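This report refers to the structure that appears directly beneath it.
In each ligand, atom 1 is the first atom listed, and ligand 1 is the first ligand listed. Just so it is clear, the values below take in all heavy atoms, side chains as well, and ignore hydrogens, waters and symmetry mates. What you see is a predicted model; the values in this text were computed from it and never measured.
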Amino acid sequence: MIGPIEQSLLKQHAEVGPLWAVLLDPDSLPPLELAATAREVQEAGADLLLVGGSSASPGVFEAGMSAIRKQSTLPVLLFPGSYHQVVAGAHGILFTSLLSGRNPQYLAEEQVKGAPRVVAHGIEPIPTAYLLIESGAPTTVQIVSGTQPLPCEDFDRVLHHVWAARMMGMRWAYLEAGSGANRPVPVEMLSYIVSKGGVNVIVGGGLRTPEAIRDRSECHPAMIVTGNVLESRIDPVLLREFAQAVHGK
Ligand code: 1GP
């Protein structure tokens, strides 16, 4: 069943086109800086926040989530790298399975451990296939998960993963080049998957310029994610350019 957060994201997507999600990693920024970034990106025009990372220090995610929620009224979705990151305070969670890989830990084991935490904290799960796409060099998520990405020239292999996900009931697919990727997901692949996949497509990884974002926005995904580039500097002008690039202005 589609919950209220997913419904409102889909409604907003239908009305305004691709949504801009900013990924915040509580392991990379202290709570005060996370809160400041959350406030700035909301003012600039971000549509939602994702909170997640590849490591999980005890207590860090709770403190980060609390700081973010105090400074932002945007919807906040967990995008956890492990079940330890499933903490209270989020509106929803991208409940992912790393379908591009064949590591049982990230296909199912983390999910089995995370599910009771999702229930206990009353977080809305959004079932999402997580697909790593080859992007020029090994990324942290590949190394941590011990999985290989899907080749970036084999569009049908990616499409078949998306179809399998859809047939298993997943309504979303995240095409991930990896944080800080050399090459983002190719525009041609994104366009192919959006048109044929039959799911809501999220794209992220290595999107550092308004041009790269605009090119992908024109493929009409449901959501475009930026992360890394905003951790090193909060530049209000760049933020506005990102917002305009996503929203086609
Ligand atoms: C990573 O797709 C996100 O999961 C964001 O990537 O940090 O490269 O923007 P970047």
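- Considering backbone and side-chain atoms alike, Ser179 places an N or O below 3.5 Å from some N or O of ligand 1.
- Of the protein's non-hydrogen atoms, the one nearest atom 9 (O) of ligand 1 is Gly227 N, 2.8 Å.
- Here the heavy atom of the protein found nearest to atom 1 (C) of ligand 1 is Glu176 OE2, 3.2 Å.
- With a 4.0 Å cut-off on non-hydrogen atoms, Leu23 touches ligand 1 through its side chain and not its backbone.
- Neither the backbone nor the side chain of Arg208 has any atom closer than 4.0 Å to an atom of ligand 1 (non-hydrogen atoms only).
- For ligand 1 and Thr226, the ligand atoms under 4.0 Å from any heavy atom of the residue are 9 (O).
- The shortest distance between side-chain heavy atoms of Pro210 and Gln244 does not fall below 4.5 Å.
- In summary, the side chains of Thr139 and Gln142 do present a donor paired with an acceptor at a separation below 3.5 Å, with no hydrogens or angles considered.
- For ligand 1, the atoms closer than 4.0 angstrom to any heavy atom of Gly204 are 2 (O).
- Closest to atom 5 (C) of ligand 1 among all protein heavy atoms lies Gly205 N, 3.8 Å.
- Scanning all protein heavy atoms for the shortest distance to atom 3 (C) of ligand 1 gives Tyr174 OH, 3.3 Å.
- Ligand-side atoms of ligand 1 in range of Gly180: 7 (O), 8 (O), 10 (P), range being under 4.0 angstrom from any heavy atom.
- Residues Glu110 and Ser82 bring no donor and acceptor atom of their side chains to less than 3.5 Å of each other.
- Annotation: Tyr130 is in aromatic contact with Phe79 [ring centroid separation under 6.0 Å].
- If you chain together hydrophobic residues whose side chains sit under 4.5 Å apart, Ile93 and Met170 fall into the same group.
- Classification of Glu218 and Arg214 as a salt-bridged pair fails, no side-chain N sitting under 4.0 Å from a carboxylate O.
- Around the CD atom of Gln148, the shell of radius 6.0 Å holds no more than 12 heavy atoms that belong to other residues, nucleotides or ligands.
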